[in-house]
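Here the structure is laid out as structure tokens; the discussion comes afterwards.
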Amino acid sequence: FATVLAPKITGTRVLHNAFRGCDLEFFVMFGSAGSVIASPGQGNYAAANAFLDAFAYYRQAQGLPGLTIGWGPW
């Protein structure tokens, strides 16, 4: 579970901290529709993408830009 979750959480936090204090127009995270669409056996993947959605709301609550694009099947 942590193996799948950690890269998205770590990468998001690193970028959030690296750009703290910068006047960004956009902070876009690339996730997956898997955070809201049931995928059997993919709970870890869904949780990782749900984190990105929640982090976008966290940034917005601080008055910062934040958006997650939930890609679907290509």
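- Residue Phe26 places its CZ atom among 12 or fewer non-hydrogen atoms of other residues, nucleotides or ligands, all under 6.0 Å distant.
- Taken together through direct or relayed side-chain contacts under 4.5 Å among Ile, Leu, Val, Met, Phe, Trp and Tyr, Val14 and Tyr58 form parts of separate hydrophobic clusters.
- Note: the hydrophobic cluster containing Ile9 does not contain Tyr45 (ILVMFWY, side chain heavy atoms under 4.5 Å, direct or indirect links).
- A distance of 8.0 Å separates CG in Leu64 from CG in Leu24, rounded to the nearest 0.5 Å.
- Closest approach of Ala56 to Leu67, counting heavy atoms only: CB-N, 3.9 Å.
- To the nearest 0.5 Å, atoms CD1 (Ile69) and CG (Asn49) are separated by 12.5 Å.
- For the pair Glu25 and Pro65, the minimum side-chain heavy-atom distance is 4.5 Å or more.
- For the atom pair NE2 of His16 and CE of Met29, the computed distance is 10.0 Å after rounding to the nearest 0.5 Å.
- Lys8 and Gly31 make their closest contact through NZ-CA, 4.2 Å (heavy atoms, listed as atom of the first residue, atom of the second, distance).
- Within 6.0 Å of CG in Asn17 there are more than 12 heavy atoms belonging to other residues, nucleotides or ligands.
- With rounding to the nearest 0.5 Å, the separation of CZ in Phe27 from CD in Gln60 is 11.5 Å.
- The distance from atom OG1 of Thr68 to atom CZ of Phe30, rounded to the nearest 0.5 Å, is 10.0 Å.
- Side-chain contact between Thr12 and Phe51 is present, with at least one heavy-atom pair separated by less than 4.5 Å.
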